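Just so you know, these numbers come straight off a predicted model, no measurement behind them.
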Amino acid sequence: MDQIKMLQTHANITMLVTMGLEVKMRVIQKFSIASLFMWAVPIAILYAFNNNLLPGTSNLSPHSLTLVSGFLAVISVNIVIAFYIYLAMREPADKHEPDPKFLAEAKASINQSTGDAQQSSQPLKKQQ
C-alpha cells in the first residue's frame, strides 16, 4: 500500500513539474517572439523608408524621411510592447500559484525569526 501511495506521489510530482515546464516554455516563447518583433519591425520600417520601398517616400526630403521613419519605428516598438503586455494579462492567474511547501517553510521561517527577535529583546529589558 505504501508503494502505491509513493508511486502516486511520484506521478503527481512529475505531472506538476511537466506542467510547470510547459508554462515556462510558453512564457519564454512569447517573450522571444516579442523580442524578435521589437528588433525586426523598426529595422524593417527604417529600411523601407531609406530604400524608397514605400510609395510616396521618394517625395520626402531627407530630414522629413528621417523624422517620419524614426517616429514610426518608435511607435512600432511601443505597439509590440503593448501587445506583449496584453498577452501577459490574458494568461490565467490560477496557473501561477506558489508552491504550498515553499509557503509553509516561509511562514515557519518568519515565525521563527519573530520568535528569535522577541527572545533577544528580553535580556535587554532585564539589563536596563
Side-chain angles (χ1 to χ4, degrees):
M1 192 68 168
D2 289 335
Q3 290 177 344
I4 293 172
K5 207 174 219 182
M6 191 168 67
L7 286 173
Q8 288 175 342
T9 304
H10 179 68
N12 289 341
I13 291 171
T14 304
M15 183 179 69
L16 288 173
V17 168
T18 304
M19 285 174 35
L21 288 175
E22 289 174 5
V23 170
K24 288 178 185 176
M25 289 305 293
R26 276 188 266 138
V27 169
I28 290 172
Q29 183 182 18
K30 286 179 187 176
F31 178 75
S32 299
I33 291 170
S35 297
L36 175 75
F37 278 110
M38 279 194 289
W39 281 96
V41 173
I43 290 173
I45 288 172
L46 292 172
Y47 181 82
F49 269 91
N50 289 332
N51 292 310
N52 297 325
L53 298 177
L54 300 173
T57 57
S58 60
N59 299 334
L60 294 174
S61 69
H63 181 71
S64 297
L65 187 69
T66 302
L67 286 175
V68 171
S69 65
F71 180 72
L72 289 176
V74 169
I75 294 297
S76 70
V77 170
N78 287 312
I79 290 171
V80 171
I81 291 171
F83 187 69
Y84 180 72
I85 291 171
Y86 169 75
L87 289 178
M89 297 300 283
R90 278 191 39 213
E91 288 210 3
D94 61 342
K95 287 185 178 180
H96 305 291
E97 293 182 15
D99 183 23
K101 182 180 175 186
F102 172 77
L103 286 177
E105 290 174 358
K107 287 178 183 177
S109 173
I110 290 171
N111 291 338
Q112 181 183 10
S113 66
T114 57
D116 291 344
Q118 289 174 354
Q119 289 176 0
S120 65
S121 64
Q122 287 177 358
L124 292 175
K125 289 179 184 177
K126 289 180 184 176
Q127 289 176 356
Q128 292 175 355

Near Tyr84 OH, under 6.0 Å, is it more than 12 heavy atoms from other residues, nucleotides or ligands?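 Correct, the count exceeds 12.
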Same apolar cluster: [X] and [Y], side chain cutoff 4.5 Å:
X	Y	answer
Phe71	Ile79	yes
Tyr47	Ile45	no
Ile33	Val77	yes
Met89	Val80	yes
Leu87	Phe37	no

Roughly how far, to the nearest 0.5 Å, is [atom2] of [Y] from [atom1] of [X]?
X	Y	atom1	atom2	value
Leu60	Phe49	CG	CZ	7.5 Å
Leu46	Thr66	CG	OG1	9.0 Å
Leu72	Leu67	CG	CG	11.0 Å
Asn52	Leu65	CG	CG	7.0 Å
Asn78	Met38	CG	CE	10.0 Å

Under a 4.5 Å cut-off applied to non-hydrogen side-chain atoms, are Lys30 and Val27 in contact? no
Are the side chain of Ser35 and the backbone N or O of Phe31 linked by a donor-acceptor pair below 3.5 Å?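 The answer is yes, because a donor-acceptor pair under 3.5 Å joins these two groups.
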